[in-house]
**Q** 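What follows is a structure written as structure tokens; I'll ask about it next.
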Amino acid sequence: MAILAFPLVISFLKPHAPHLSLLRVAKPSSVLLNSPQLLSRRYFSRTTASAVNTSSIQQHSSTNASDEPKKASVLTFQQAIQRLQEYWASVGCAVMQCSNTEVGAGTMNPLTYLRVLGPEPWNVAYVEPSIRPDDSRYGENPNRLQRHTQFQVILKPDPGNSQDLFIRSLSALGIDVSEHDIRFVEDNWESPVLGAWGLGWEIWMDGMEITQFTYFQQAGSLELSPISVEITYGLERILMLLQGVDHFKKIQYADGITYGELFMENEKEMSAYYLEHANVHHIQKHFDFFEEEARSLLASGLAIPAYNQLLKTSHAFNILDSRGFVGVTERARYFGRMRSLARQCAQLWLKTRESLGYPLGVVSESVDHVCPKEVIEAAVKKLDRDPRLFVLEIGTEEMPPHDVVHASQQLKDLVLQLLEKQRLNHGGIQAFGTPRRLVITVESLCPKQVENEVEVRGPPASKTFDEQGNPTKAAEGFCRRYAVSMDSLFRKVDGKTEYVYARVKESARVALEVLSEELPGILAKISFLKSMRWNSQFTFSRPIRWIMSLHGDVVVPFTFAGILSGNLSYGLRNTQAATVMVESAESYHSIMKNAGIDIEIEERKKTILEHSNLLAKTVNGNIVIQESLLSEVVNLVEAPVPVLGKFNESFLELPDELLTMVMQKHQKYFAVTDDNGKLLPYFIAVANGAINEMVVRKGNEAVLRARYEDAKFFYELDTCKRFKDFRSQLKGILFHEKLGTMLDKMMRVESLVHKLSMDLGVKEDMLLIIKEAASLAMSDLATSVVTEFTSLSGIMACHYALRDGYSEQVVACHH
């Protein structure tokens with residue numbers, strides 16, 4: 001335990017970003033600014049305070065060699081569970097147990113779904129065996145299991161440093177984070193069953209998804225406050241990487257016992273049940289019975305047993321889905337029925353907790369503080385009289401690639417509008433962006449506004465002077481307001497009325513004061529396709545964790561989303577330069593470069609293309625550049641490092657479209673072809689920052705091998721039979737409760753096509769071709785490949801039809 005806590009203790013010695021604490025409590029009633037959160041409620045009071053304490057220590061720390069626990073021997077599966085339990089307990093989580101009902105993910109456990117609702121704090125960690133019938137592979141796929149093990153962590157409210165806590169948990173498992181490519185890749189999670197959604201990431205290590213990280217925004221169709229952080233580890237995948245094995249069955253579960261020896265037979269038999277023997281009619285009845293029972297329990301005011309019945313309906317649905325029984329339209333109906341139950345369970349749970357007086361305490365609403373006036377006054381005294389470079393950097397947790405581009409441009413436009421409106425002369429303005437930062441630079445920004453003389457209209461002339469020509473009180477008040485003499489007033493007609501006017505000089509305010517006032521409003525105007533809340537009243541693409549704002553060598557102080565701007569920035573998490581001090585705006589670019597960060601999007605793109613082409617040439621190949629993929633990859637990294645990997649040539653027997661789709665869509669890899677456009681058994685992955693290339697290459701190769709094994713498994717299942725035989729299987733896919741199965745639908749389509757062809761006078765030979773094509777339509781929906789890779793619908797139909805000897809004319813009509 002002392003070793004596990006060591007990284008958290010050592011971080012007391014590191015500098016940290018200046019910020020105004022948002023940590024808040026309702027009990028006790030008083031809290032000091034920048035004090036850790038204290039909740040006087042038994043164990044959960046202590047856990048919340050502990051988890052939050054680390055936030056005030058260091059928000060953006062790296063895991064450097066000096067603060068690492070010494071690397072021990074490779075952990076067994078059960079030791080890894082113990083290590084994670086110890087680690088999360090050491091930072092303030094209660095360790096609890098799994099659900100006693102089948103769940104598809106740790107999220108569905110009442111310890112997560114019900115507890116993220118309402119105002120009570122909750123910090124918990126537990127192991128969750130998760131059952132997913134659709135992932136049944138008879139134990140043959142190295143990465144897919146119908147029963148896999150998750151380790152679930154909930155932090156409520158968001159402590160402000162959840163990503164760092166997660167990175168340190170990897171170190172606690174013995175993972176050297178400086179060697180691996182660890183990345184947070186956008187994943188906008190939602191559960192149609194639970195009426196829940198959140199924004200966050202898949203966490204990849206060397207190309208393999210090992211964890212899901214989500215800021216819950218809604219559950220039970222209810223807005224959440226406070227926001228909870230969910231961290232879900234995939235233990236089998238992590239242990240395969242730790243132990244260096246290529247199949248889950250080879251994982252050492254305990255000393256002398258492998259995972260396969262314990263669970264392989266379970267995988268085989270349960271896969272056979274889910275994919276072959278489950279009686280869909282019986283399961284359908286089970287669903288109806290569980291739904292009816294849940295509604296009865298809700299009527300009796302029993303939220304917890306009602307939710308337990310909902311979990312049973314969910315598992316029943318998953319079995320139906322694995323048997324291919326549920327069509328697209330009917331799927332929505334099933335989801336609607338389960339979502340209704342989930343919402344009612346959530347509402348009843350909240351009502352129950354409120355009636356109990358919230359036994360675990362109440363987390364109070366966040367307060368976004370205003371920058372203290374004395375801080376601004378102190379900064380003004382340090383200002384240079386000459387124009388200097390202005391730099392604004394908004395530091396965030398990893399934003400989605402499209403947000404990086406759009407938000408940086410919005411920020412540039414908004415800053416330009418601000419400077420023009422506020423009469424602040426300047427030179428060129430540039431926008432930059434990476435997954436973790438939006439940057440604006442303004443050259444030669446003047447320290448003061450330009451003085452300006454404007455005409456100010458006063459009262460009508462008839463009311464300004466009396467009949468004797470003497471000024472009235474209205475005239476005197478106007479002169480006092482604008483500090484002008486009576487003699488300076490002049491008359492001017494506006495429309496049909498004559499008014500008095502005065503020429504008034506607008507004062508030239510200090511640029512720093514203007515920016516301090518206006519920048520928070522500018523940031524609040526940036527819009528995103530999807531925004532999220534964390535521990536602030538504001539919303540943004542992802543949580544803001546630091547703000548650097550410098551005019552020359554003076555900090556432009558302001559607060560936004562509870563963060564006080566400063567002169568600190570942050571580099572790559574796994575390097576010594578994770579925290580960098582920027583002495584002046586002019587030194588910013590060179591400091592970022594020395595920290596390994598390339599803030600220019602086009603420069604990162606150039607690096608990727610040049611290095612990838614060089615790597616492809618070493619195997620006499622050419623990279624396949626899909627512009628949309630390149631635009632995505634360039635904004636997934638801050639320091640691109642292309643890595644060439646290889647896969648087994650035997651996989652080239654699979655259709656090119658299948659291989660390429662897996663590479664591009666699932667792994668963000670670039671394919672490699674020869675000069676004739678034929679796929680070669682190579683790929684290029686783009687890692688982020690300083691890594692051990694051999695380790696990262698090996699990891700990415702293992703991931704792609706598992707992906708291709710999955711594709712091969714499905715492809716071989718499909719090619720065991722003729723393509724036309726899949727048509728009959730459409731009767732097992734429900735299209736709509738009132739419209740029958742997909743086979744019923746396609747028979748109607750076939751009849752309609754024949755009728756239209758006859759009405760249009762299509763020739764007999766062409767009519768036969770159309771009829772044959774219509775008989776194959778939608779048949780690939782029943783294939784295993786399309787069930788797994790839905791985007792290949794139609795493409796695989798053409799491939800299978802040609803493979804079975806159908807003419808190109810039939811295939812063309814079908815397509």
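Computation of the quantities below employed the complete heavy-atom set of this structure, encompassing side-chain atoms and omitting hydrogens, waters and symmetry-equivalent molecules.
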**Q** What do the steps show when you test W349 against R115 for side chain to side chain contact (heavy atoms under 4.5 Å, CB included), and what is the final call?
**A** CA-CA 9 Å; W349 166 266; R115 292 290 183 174; 4.0 Å; yes

**Q** Quick check for you: to the nearest 0.5 Å, what is the distance between F216 atom CZ and K156 atom NZ?
**A** 11.0 Å

**Q** Strictly by modelled atom types, are R545 and Q163 linked by a side-chain donor-acceptor pair under 3.5 Å?
**A** no

**Q** For D206 and D181, indicate whether the former's side chain and the latter's backbone hold a donor-acceptor pair under 3.5 Å.
**A** yes

**Q** Are F184 and N688 packed together at the side-chain level, in the sense that at least one heavy-atom pair is separated by less than 4.5 angstrom?
**A** no

**Q** So which heavy atom on R183 is nearest to which on A687, and how close?
**A** NH2-CA, 4.2 Å

**Q** Please report the interatomic distance CZ(R83) to OG(S171), rounded to the nearest 0.5 Å.
**A** 11.0 Å

**Q** Compute whether any side-chain donor of one residue and acceptor of the other, for S169 and Y233, lie under 3.5 angstrom apart.
**A** yes

**Q** V375 and P557: which non-hydrogen atoms are nearest, and at how many Å?
**A** CG1-CB, 3.7 Å

**Q** Suppose we screen for side chain to side chain donor-acceptor pair (under 3.5 Å). Which residues come up paired with S516, at least two apart in sequence or across chains?
**A** none

**Q** Apply side chain to side chain contact (heavy atoms under 4.5 Å, CB included) to the pair L165 and Y87, showing each step before the final yes or no.
**A** CA-CA 10 Å; L165 290 175; Y87 169 79; 3.8 Å; yes

**Q** Looking only at side-chain N and O atoms, does T112 offer a donor or acceptor that is under 3.5 Å from a partner on Y126?
**A** yes

**Q** Under 3.5 Å, is there a donor-acceptor pair linking the side chains of E230 and Q212?
**A** no

**Q** With the side chain counted from C-beta on, respond yes when L222 and L350 share a heavy-atom pair under 4.5 Å apart, and no when they do not.
**A** yes

**Q** Quick one, P157 and N535 - any side-chain contact, counting heavy atoms below 4.5 Å?
**A** no

**Q** With side chains defined as the heavy atoms from C-beta onward, is the minimum distance between V634 and P640 less than 4.5 Å?
**A** no

**Q** S565 versus V556: any side-chain heavy-atom pair under 4.5 Å?
**A** no

**Q** Taking all non-hydrogen atoms of both residues, which atom of L519 and which atom of L418 are closest, and how far apart?
**A** CD2-CD2, 4.2 Å

**Q** Quick one: list whatever passes salt bridge (Lys or Arg N to Asp or Glu O under 4.0 Å) with E374, sequence neighbours left out.
**A** none

**Q** State, yes or no, whether a side-chain contact exists between F151 and I238 at a heavy-atom distance under 4.5 Å.
**A** no

**Q** Applying side chain to side chain contact (heavy atoms under 4.5 Å, CB included) to N123 and I154, what does each step give before you reach the verdict?
**A** CA-CA 5 Å; N123 295 289; I154 293 294; over 6 Å; no

**Q** Please round to the nearest 0.5 Å and tell me the distance separating atom CD1 of I231 and atom OG1 of T214.
**A** 9.5 Å

**Q** Check whether any side-chain N or O of R533 sits under 3.5 Å from a backbone N or O of L224 as a donor-acceptor pair, and report yes or no.
**A** yes

**Q** Using every non-hydrogen atom in the two residues, find where W534 and A561 come nearest and quote the distance to one decimal.
**A** CZ2-CB, 3.8 Å

**Q** Might you point out which heavy atoms bring R604 and E638 nearest each other, and give the distance in Å?
**A** CD-O, 3.7 Å

**Q** Find out whether L523 and F538 are in side-chain contact, i.e. whether some heavy atom of one side chain is under 4.5 Å from a heavy atom of the other.
**A** no

**Q** How many angstroms lie between CG in L414 and CD1 in I522, if you round to the nearest 0.5 Å?
**A** 5.0 Å

**Q** Have a look at S541 and tell me which of L199, T396, D403 forms a side chain to side chain contact (heavy atoms under 4.5 Å, CB included) with it.
**A** D403

**Q** Please lay out, stage by stage, how Y358 and R353 fare under the test side chain to side chain contact (heavy atoms under 4.5 Å, CB included).
**A** CA-CA 5 Å; Y358 300 123; R353 299 304 292 178; 4.1 Å; yes

**Q** With distance as the sole test, does Q217 use its side chain to make a donor-acceptor pair with the main-chain N or O of M532 at under 3.5 Å?
**A** no

**Q** Could you grab the distance from atom CD of Q430 to atom OG of S408, nearest 0.5 Å is fine?
**A** 12.0 Å

**Q** Can you tell me how far apart CG (L392) and CD1 (I547) are? Round to the nearest 0.5 Å.
**A** 7.5 Å

**Q** Nearest heavy-atom pair of D176 and H180: which atoms, and what distance?
**A** O-CD2, 3.1 Å

**Q** Looking only at the side chains, is there a donor atom on one of E120 and W122 sitting less than 3.5 Å from an acceptor on the other?
**A** no

**Q** Is any NZ, NE, NH1 or NH2 atom of the basic residue among R542 and E398 found under 4.0 Å from an Asp or Glu carboxylate oxygen of the other?
**A** no

**Q** Short question: side chain of Y570, backbone of R436 - any donor-acceptor pair under 3.5 Å?
**A** no

**Q** Give me each pair satisfying side-chain hydrogen bond (donor to acceptor under 3.5 Å, both in side chains) with a member in residues 190-201, each pair once, sequence neighbours excluded.
**A** none

**Q** Any side-chain heavy-atom pair from C93 and V153 closer than 4.5 angstrom?
**A** yes

